[in-house]
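All remarks here apply to the structure that follows.
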Number of protein chains: 2
Amino acid sequence: MIEVVAPTTVAFASANTVAEVAAAIGDPVRAAMLVALMDGRARTAGELAALGGITAQTASGHLARMVEAGLVVAEKQGRHRYVRLVDPAVATVLESLMAVAAIAPPRHRPTGPADAALREARTCWDHLAGRLGVALADALARDGRIVLADGAALVTDVGEAFFCDFGIDLGRPPASRRPLCRACLDWSERRPHLGGRLGAALLARFRELGWLVPGPRDRALRLTPRGRSGFAESFGIEVSRAPT
Amino acid sequence: MIEVVAPTTVAFASANTVAEVAAAIGDPVRAAMLVALMDGRARTAGELAALGGITAQTASGHLARMVEAGLVVAEKQGRHRYVRLVDPAVATVLESLMAVAAIAPPRHRPTGPADAALREARTCWDHLAGRLGVALADALARDGRIVLADGAALVTDVGEAFFCDFGIDLGRPPASRRPLCRACLDWSERRPHLGGRLGAALLARFRELGWLVPGPRDRALRLTPRGRSGFAESFGIEVSRAPT
DNA sequence: GCGATGGTTCGGTCGGGACCGAAGCGTCGC
DNA sequence: GCGACGCTTCGGTCCCGACCGAACCATCGC
């Protein structure tokens with residue numbers, strides 16, 4: 001018997017605070033900073049200022065506002081101040097905003113060469129996104145290693161054995177309540193890729209194997225020749241045009 | 001063999017457009033309007049103006065901006081202008097914003113009586129959310145009718161038969177690409193409830209059976225005495241304190 | 001100690017946008 | 001036709017916030 005208990009004193013978010021959070025994202029410079037932080041890594045205030053093309057003092061104001069809104073946290077380390085997203089939920093907001101922005105009528109939207117690399121393969125929080133990420137989810141589902149139905153994702157028994165062979169230990173640490181395997185909507189492909197602990201472990205393993213190397217500054221990932229053959233052999237994924 | 005094809009000409013969302021969409025949400029009045037539209041129903045411009053406590057001409061400006069940002073669509077009908085969310089993806093953004101707002105440190109956040117009713121049971125786009133929605137998902141999972149693992153949700157064979165008995169036809173209309181059953185994070189409970197086609201069908205059936213009746217203006221749902229016993233008998237859900 | 005570096009605070013400018021009053025336009029009811 | 005109604009456009013006010021220059025504070029290397 002599941003009982004619905006009386007109202008708790010949980011914090012309640014009214015429509016006003018939705019506006020506050022949205023407004024804190026709704027500035028070109030701040031949005032760029034947040035997107036840059038989506039890979040989960042922390043950056044210094046100076047890096048973020050340079051990224052936004054603004055002076056340090058303006059960036060300081062932006063950061064203060066985002067801290068106030070509960071989007072990022074900052075911790076001092078020596079004379080640097082490292083900033084990171086406060087929670088994966090923030091990355092989720094950004095992804096969903098991108099999805100809505102992608103629906104909107106494509107007005108004058110200049111797409112540069114960096115965009116192409118991002119569409120190809122990038123990190124989403126700590127897992128793999130982009131065309132390669134979607135293809136990976138498709139391949140795993142095709143081979144019965146995961147079930148990818150209706151936006152949901154589950155690891156099968158076959159899959160568990162496979163991932164173990166591939167060098168990923170899915171033994172669940174009791175401390176972590178993080179979902180094992182989450183279907184995360186890819187904003188550029190409009191189809192799901194794999195998130196959660198499995199998604200993170202897969203990306204970590206790919207980097208360990210030297211299949212993917214991170215870009216210098218942005219979230220783009222570069223596929224190495226070894227990765228090219230690796231994805232083909234282990235997952236049956238043929239990348240038609242390798243990004244150079 | 002799954003092939004990753006060369007880049008398509010899909011519309012690309014840069015960080016700037018994320019800011020545009022977020023800024024279009026990031027005003028207290030506009031956010032309140034959008035939240036009011038989250039049930040998927042359309043409202044007239046005048047209703048939304050009254051809801052925000054502003055004059056008609058100011059509301060007109062807000063609506064124009066939200067249309068421009070691709071958040072809502074408006075269609076004229078006689079001398080009224082009906083406004084609705086452009087896509088469920090917009091509701092997803094709002095839900096995720098609420099989730100982030102709920103994480104943020106609970107500052108002076110006055111919670112009124114309407115909030116309590118909303119926490120109890122409400123519509124989320126077109127399905128059931130709130131404590132009752134979360135309890136329903138829990139109960140269905142406990143009875144093996146769905147599998148609710150790691151934020152994912154799948155209907156079992158047992159469940160399919162049960163839902164059929166309950167008066168819900170899950171035969172998939174080929175035209176609809178909408179997920180059958182989606183785990184939707186409940187912002188007030190921080191736990192998943194059921195969305196997708198199944199979630200929508202369940203709520204529709206509950207209203208058909210007279211178990212739940214919609215509130216006059218907001219998204220709150222009221223549990224009827226019949227619903228109280230119905231939820232107990234069919235799902236084993238005991239609501240400890242019925243909202244009057 | 002002293003300068004260099006990273007970051008913040010203060011003061012001031014300036015543009016965008018939220019708001020309303022008034023006027024204009026289309027639709028409905030009579 | 002005529003007024004009532006729903007909504008938009010125009011013009012104007014006002015305030016918030018994004019930005020920078022300058023000064024200030026903390027830390028590091030020496």
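Every chain is numbered from 1 and lettered A, B, ... according to where its sequence line falls, protein lines coming before strand lines. Side-chain atoms are counted along with the backbone in the values below, which use heavy atoms only and exclude waters and symmetry mates. This one's a predicted model, so the numbers in the text were calculated from it and none came from an experiment.
Between A/Arg30 and B/Ala45, the residue whose closest nucleotide on DNA chain D is further toward the 5' end is B/Ala45. Nearest-nucleotide mapping onto DNA chain C: of A/Arg79 and A/Ala64, the residue sitting toward the 5' end is A/Arg79.
Salt-bridge check for B/Arg205 with B/Glu208: passed, with a basic side-chain N closer than 4.0 Å to an acidic carboxylate O. Using a 4.0 Å cut-off between a side-chain N of Lys or Arg and a carboxylate O of Asp or Glu, A/Arg84 and A/Glu75 qualify as a salt bridge.
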* To do: Determine, step by step, whether B/Thr92 and B/Glu95 satisfy the side chain to side chain contact (heavy atoms under 4.5 Å, CB included) criterion, reporting the C-alpha distance in whole Å, the side-chain angles of both residues, the deciding distance to 0.1 Å, and the verdict.
  => CA-CA 5 Å; B/Thr92 303; B/Glu95 281 283 335; 5.7 Å; no

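Spacing between atom CG of A/Leu51 and atom P of C/dG6 amounts to 17 Å, rounded to whole angstrom units. The CG-P distance, from A/Leu63 to C/dT9, rounds to 11 Å in whole Å. When rounded to the nearest whole Å, the span between NZ of B/Lys76 and C1' of C/dC25 equals 9 Å. Rounded to an integer number of Å, the gap from CD of A/Glu68 to P of D/dG17 is 11 Å. Here D/dC5 presents its C1' atom at 17 Å from CD of B/Gln77, a figure rounded to the nearest Å. If you take CE of A/Met66 and C1' of D/dG17, they are 15 Å apart, rounded to a whole angstrom. Distance, B/Ile25 CD1 to C/dA18 P: 14 Å, rounded to whole Å. Put simply, CZ on B/Arg81 is 14 Å from C1' on C/dC25, counting in whole angstrom units.
Here B/Thr58 does not reach the OP1 or OP2 of C/dA18: none of its side-chain N or O atoms lies under 4.0 Å away. Applying the 4.0 Å criterion to OP1 and OP2 of C/dC28, one finds that B/His80 has every side-chain N and O outside that range. Here A/Arg65 reaches the OP1 or OP2 of D/dA18: one of its side-chain N or O atoms lies under 4.0 Å away. Side-chain N/O atoms of A/Ser60 include one lying less than 4.0 angstrom from OP1 or OP2 on C/dT8.
Aromatic ring pairs are classed by plane angle as parallel below 30°, tilted from 30° to 60° and perpendicular above 60°; the pair B/His127 and B/His193 is tilted.
For the pair B/Val83/B/Val73, no side-chain contact is recorded, criterion being any heavy-atom separation below 4.5 Å from C-beta on.
Considering only side-chain atoms of B/Thr44, the nucleotide from D/dC7, D/dG21, C/dC19 that sits closest is D/dC7. Among D/dC20, C/dG7, C/dC19, the nucleotide with an atom closest to any side-chain atom of B/Ile54 is C/dC19. The side chain of A/Asp27 approaches D/dA18 more closely than any other nucleotide in the set C/dT5, D/dA18, D/dC7.
On a pure distance criterion of 3.5 Å, a polar donor-acceptor pair joins the side chain of A/Gln57 and the base of D/dG21.
Note on A/Ala56: a base of the nucleic acid sits closer than 4.0 angstrom, heavy atoms only.
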